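Structure first, then comments.
Positions are given from 1, in the same order as the sequence printed here. The structure displayed is predicted, hence computed values, not measured ones.
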Amino acid sequence: MDAVEQAQSGHPGTPMALAPAAYVLWTRFLRHNPANPDWPDRDRFVLSCGHASMLLYSMLHLTGYGLTLQDIHDFRQLGSKTPGHPERGHTRGVEVTTGPLGQGFGNSVGMAIATRFLADHFNRPEFPVVNHRIWAFASDGDLMEGVASEAASLAGHLALGQLKVIYDDNHITIDGHTEITFTEDRGKRFEAYGWRVLHVADGNDLAAIAAAYEEACRETSRPTIIILRTIIAYPAPTKSNTPEAHGAPLGKDEVRRTKEIMGWTEPPFIVPADVAAHMLEVKDRGEDLETAWTTLVEEYTRSNADLAGEMHQWLSGTLPKGWDAGLPVFTPKDGKLATRQACQAVLDAISPAVKNLIGGSADLAASTGSTIKNGGDFEPGESGRILHWGVREHGMGASLNGILAHGGLRAFGSTFLIFFDYMKPAIRLAALSKLPVIFIGTHDSIGLGEDGPTHQPIEQLAMLRAMPNLVTFRPADANETTEAWRVALDRTTGPTAMALTRQKLTIIDRSKYASAEGARRGGYVLFDPPGGAQGILIATGSEVHIALAASESLLTQGIRARVVSLPSWELFEAQSEDYRNAVLPPPLKARVSIEAATTFGWSRYVGDHGASIGVDHFGASAPAEALYAEFGITAERAIETFKNLLEEKV
C-alpha cells in the first residue's frame with residue numbers, strides 16, 4: 001500500500017489479496033536461495049499477473065535478494081529497480097518479464113517443459129540433480145487470454161507434473177465484477193485440459209493454503225491449478241472487492257483505515273526487526289538447500305563424469321567446442337533448394353553437436369522444414385527433442401520464452417511467417433527480455449503462391465524490423481541460411497527471426513559471387529561489376545536472384561550495377577559506419593531495392609533519390625511466377641527502374 005501510494009500509481013489490490021499465499025509459498029515451499037538467484041535447481045516463480053509487481057518486490061526485499069527499502073520507496077520511478085511490471089534482467093530474482101496477461105502463464109509451461117527434459121536427461125537413480133518445480137500466480141485476466149488457454153491445453157496434454165499454478169479467483173477486473181464477462185466453470189475447464197484442480201475457499205486461511213500446496217507437491221503426473229478465492233484489496237474498508245482497488249492507489253485515508261483494521265501502527269516503509277529476522281530465515285534455508293544440492297552434484301560427478309560435464313556445459317549457456325564444424329556448404333550442383341529445405345539440412349547438421357537444442361513447429365513440421373532428425377518426440381512419458389506445439393502459435397511463442405528463461409536449453413519454434421502475427425506479443429517479450437529464442441517463419445512472401453493473400457506476408461518483415469533487439473534474417477540461398485543459423489546460435493542477448501522461402505532457389509555460385517560469410521554482417525557486396533558501379537541493386541531473400549539477373553543484363557548493355565544482399569538490417573546497422581559506407585557508398589545515388597513485401601522502411605537504404613520495388617498491397621491466389629510477373633517483382637522492372645534513375649542523373 002505504501003509503495004503504490006508513494007508513486008501515486010500502481011495496482012494495490014492484487015498484491016494485498018495474494019500476500020498470504022505468497023508468504024506461505026516463499027517461506028515454506030519455494031526452493032530458492034536469495035543469496036544465489038541463479039542456482040540451477042531452484043524452483044521458478046512466475047508472477048503472470050505482472051501488475052501485482054509490488055507483491056514480488058516485497059518478497060524479494062523481505063527474503064534477502066538485495067532489493068532495498070529505498071528501491072521499494074522508488075517504485076515505478078525512472079531508473080529504479082522496481083518498475084511498474086517485473087522485468088527479467090532488470091531486477092535480481094525476477095525470472096520473466098510479465099505484464100501482458102497470459103504471457104507468464106505460457107512462460108511457466110515452457111519452464112516446466114525445460115525442467116522435465118533436463119530431469120529425464122540428467123537424473124539417475126539416487127541422483128535427482130534436477131528436482132525443482134515451477135510455481136505461477138495467475139489472475140482472472142490471465143485465464144481469459146487466449147495464450148493461457150493454448151498453453152494450459154498443451155501442459156495438460158504433456159502431463160507436466162512440475163507445474164503448479166495458483167489462480168487468484170477474486171471476481172474483479174478493471175471494468176467490474178467478472179460476472180459481466182467470465183462466467184464459465186474454470187475448474188471444469190482445467191479438468192478437461194487434464195489438470196489436477198484444487199480449491200481453497202479463503203485466501204487468508206494460511207493452513208488451507210499450505211495444505212493445498214502440499215497436495216500440489218504430491219501430484220507428479222499432471223499439472224495442478226489451485227483455485228484460491230480471494231478478496232481484492234482485503235481488508236480495505238471501502239475499496240476491497242471493488243474494481244477501484246485494481247489499478248489505482250487506495251488513497252491516504254483508505255490506507256490509514258486499512259492499517260487500523262490490521263492493527264498496524266508503524267509509519268510507512270518500516271519493517272520491524274522481528275519481522276525482518278523472521279523473513280530472512282528463508283535465506284538460511286535456501287543456502288542449506290543449495291549446499292545439499294552442490295554436495296549431491298559432487299557425488300554425481302564422481303559417478304557420472306561425462307554426464308556431469310555435459311550438464312555444466314548446458315547450464316553455462318555456451319555452445320560445445322566445434323559445434324559448427326559440420327555446417328553444410330552448398331554448391332550449385334546441389335540443385336535448387338528452398339531456404340526452408342536448407343534450414344532442415346542445417347538443423348540435421350547442428351542437432352548432433354548441439355544436443356541441448358530442442359524445438360518443433362505449430363503443426364507444420366513437414367512444411368517448415370524445422371524438426372530434429374531422430375530427436376524423438378516430447379510427449380507424455382517421453383522427453384525427446386521434438387516439440388509438437390499443435391496449432392497454438394501464441395502458446396508456442398510464450399512457452400519458448402519460458403524454456404530459454406529457465407536455462408540449460410536452446411530452442412526454436414516454426415510456423416508460416418504470416419502467423420508470426422499470432423505470436424507477436426511473445427516475440428516482443430523475447431526481445432525485451434533478451435532471450436535468444438529462434439523463431440522460424442517460412443512461406444515468407446507472395447512466393448508461396450496459391451494459398452493467396454490470407455497466407456502471403458506483406459507487412460510482417462517491416463513489423464519485425466521495427467522491433468528493438470530482434471535480429472530478422474531473410475537469407476538469399478542455402479548458404480545464407482547456414483549463416484543465419486550461425487548468427488542465431490551465437491546470439492545470447494536476444495531472439496532471431498528467420499524468414500524462409502517455400503519456393504526453390506538457385507544456390508548462388510560463390511566461385512563467381514562473394515562468399516556467404518558476408519551475411520553474418522547483415523549486408524555485403526555480392527557482386528561488383530568491373531569498371532566500378534554506377535548504382536546499387538539491393539535485395540533480400542529470393543529477390544536477390546532478381547537483382548543478380550538484372551545486374552547481369554545491365555552489364556551486357558554497358559551499365560554497371562552493384563548487387564548488395566541485405567539479409568539482416570539489424571546486423572548491418574550494428575556494423576561500423578565505414579563498413580556500411582563501403583557496402584552502400586554515399587556517392588552512388590542510383591539505388592533500387594527489391595523485396596516481395598511492403599516497401600515501408602526501404603527509404604533508409606535507397607535514399608531520397610532511389611526507388612523501391614515491392615508489394616504495397618495484399619497478394620492474390622495464383623502460382624508464384626504469375627504473381628511476381630503481375631506485381632512487377634521482376635528483373636525487367638528492376639532494369640527499367642535503374643536505368644531511369646541513371647537518366648535522372650541523381
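- Glu244 and Thr242 share a donor-acceptor pair across their side chains, judged by distance under 3.5 Å alone.
- Residue Met111 comes nearest to Gly402 through the heavy atom pair CG-O, 3.3 Å, listed as atom of the first residue, atom of the second, then distance.
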Next item on the list: List the steps, then state whether side-chain contact (heavy atoms from CB on, under 4.5 Å) holds for Asp2 with Lys259.
Entry: CA-CA 11 Å; Asp2 291 340; Lys259 289 181 177 180; 2.8 Å; yes
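- Side-chain contact between Arg428 and Lys424 is present, with heavy atoms from C-beta onward closer than 4.5 Å.
- Ring-centre distance between His11 and His246: below the 6.0 Å cut-off.
- Looking only at distances, no side-chain donor or acceptor of Arg76 sits under 3.5 Å from a matching main-chain atom of Gln6.
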Item checked: Gln103/Asn107 under side chain to side chain donor-acceptor pair (under 3.5 Å): CA gap, chis, key distance, verdict -> CA-CA 6 Å; Gln103 293 292 330; Asn107 296 163; 4.9 Å; no
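- Side chains of Ile358 and Leu387 form a contact here, defined as non-hydrogen atoms less than 4.5 Å apart.
- Using a distance-only test at 3.5 Å, with no hydrogens or angles considered, a donor-acceptor pair links the side chain of Thr294 to the main chain of Glu290.
- Residues Ala112 and Leu163 share a closest heavy-atom pair of CB-CB, 4.0 Å.
- The distance between the ring centers of His171 and Phe182 does not fall below 6.0 angstrom.
- Two rings, from His85 and His90, have their centers 6.0 Å or more apart.
- Judged by distance alone, with hydrogens and angles left aside, the side-chain atoms of Asn123 form a donor-acceptor pair with the main-chain N or O of Val130 at under 3.5 Å.
- What you find for Ser240 and Ile231 is that their closest heavy atoms are CB-CG2, 4.2 Å.
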Next item on the list: Run the numbers on His121 and Ser383 for side chain to side chain donor-acceptor pair (under 3.5 Å), then give the verdict.
Entry: CA-CA 8 Å; His121 187 80; Ser383 295; over 6 Å; no
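- Residue-environment remark: OH (Tyr234) stays at or below the threshold of 12 foreign heavy atoms within 6.0 Å.
- A side-chain donor-acceptor contact under 3.5 Å links Arg92 to the backbone of Pro34.
- By the 4.5 Å heavy-atom criterion applied to side chains, Pro86 and Ser53 are counted as neighbours.
- The main-chain N or O of Arg42 is found under 3.5 Å from a side-chain atom of Arg44 such that the two form a donor-acceptor pair.
- Glu219 has its side chain within reach of Ser221: a pair of non-hydrogen atoms, C-beta onward, lies under 4.5 Å apart.
- Checking Glu260 against Thr258 by side-chain atom types alone, no donor-acceptor pair falls below 3.5 Å.
- For Lys434, the NZ atom sits in a loose shell: 12 or fewer heavy atoms of surrounding residues, nucleotides or ligands are nearer than 6.0 Å.
- The minimum heavy-atom distance between Thr98 and Ser48, with the atom names listed, is CB-O, 3.9 Å.
- Using modelled atom types and a 3.5 Å distance limit, the side chains of Glu254 and Thr238 yield a donor-acceptor pair.
- A donor and an acceptor atom, one from each side chain of Asp288 and Thr291, are nowhere located under 3.5 Å apart.
- In this structure a side-chain-to-backbone donor-acceptor pair under 3.5 Å is present from Glu150 to His394.
- Partner of Thr115 under the side chain to side chain contact (heavy atoms under 4.5 Å, CB included) criterion, chosen from Asp120, Ile134, Asp41, Asn131: Ile134.
- In this view, Asp253 and Arg256 satisfy the salt bridge (charged side-chain N to carboxylate O under 4.0 Å, His left out) rule, not counting sequence neighbours.
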Item checked: CA sep, side-chain torsions, deciding dist, call: Arg186, Asp169, side-chain contact (heavy atoms from CB on, under 4.5 Å) -> CA-CA 10 Å; Arg186 276 82 81 186; Asp169 182 22; 3.3 Å; yes
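- With hydrogens and angles disregarded, a donor-acceptor distance shorter than 3.5 Å links the side chain of Asp202 to the backbone of Asn204.
- His61 pairs by the ring pair (Phe, Tyr, Trp, His ring centres under 6.0 Å) definition with nothing, not counting sequence neighbours.
- Side-chain rings of Phe137 and Tyr167 stay apart, their centers remaining 6.0 Å or farther from each other.
- A 6.0 Å sphere centred on CZ of Phe600 holds no more than 12 heavy atoms belonging to other residues, nucleotides or ligands.
- Look at Arg196 and Glu215 and you find a salt bridge, because one of the NZ, NE, NH1 or NH2 atoms lies within 4.0 Å of a carboxylate O, short of that distance.
- Smallest separation of non-hydrogen atoms from Phe439 and Pro495: CE1-CB, 3.8 Å.
- Ring geometry for His278 against Tyr23 counts as tilted: the plane angle lies between 30° and 60°, on a 0 to 90° scale.
- At distances below 3.5 Å, not a single donor-acceptor pair connects side-chain atoms of Thr230 with backbone N or O atoms of Leu18.
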Item checked: Worked verdict on Glu214 versus Arg28 for salt bridge (charged side-chain N to carboxylate O under 4.0 Å, His left out) -> CA-CA 10 Å; Glu214 288 171 353; Arg28 292 182 53 185; 3.7 Å; yes
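- For the residue pair Ser399 / Arg392, no side-chain donor-acceptor distance below 3.5 Å is found, with atom types taken as modelled.
- Rounding to the nearest 0.5 Å gives a distance of 11.5 Å between OG of Ser433 and CD of Glu95.
- A donor and an acceptor atom, one from each side chain of Ser370 and Ser361, are nowhere located under 3.5 Å apart.
- The backbone N or O of Gly251 lies less than 3.5 Å from a partner atom in the side chain of Glu5, making a donor-acceptor pair.
- Contact check for Leu228 versus Asp168: no side-chain heavy atoms found under the 4.5 Å cut-off.
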Margin query: For His32 and Trp39: C-alpha separation, side-chain torsions, deciding distance, then whether side-chain contact (heavy atoms from CB on, under 4.5 Å) applies.
Written below: CA-CA 8 Å; His32 62 124; Trp39 170 35; 5.6 Å; no
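- Relative ring orientation between Phe190 and Phe105 is described as tilted, the plane-to-plane angle lying within the 30° to 60° band.
- Between His73 and Phe269, the ring planes lie tilted relative to each other; the angle falls in the 30° to 60° range.
- Between the Asp43 side chain and the Arg133 main chain, a donor and an acceptor come within less than 3.5 Å of each other.
- No side-chain donor from either of His388 and His157 sits under 3.5 Å from a side-chain acceptor of the other.
- When all heavy atoms of Pro83 and Thr91 are compared, the pair lying nearest together is CD-OG1, 3.9 Å.
- Using a 4.5 Å heavy-atom cutoff, the side chains of Leu250 and Val4 are not in contact.
- Within a 6.0 Å radius of OH in Tyr422, other residues, nucleotides and ligands contribute 12 heavy atoms or fewer.
- If you check the side chains of Glu287 and Asn33, you find no donor sitting under 3.5 Å from an acceptor.
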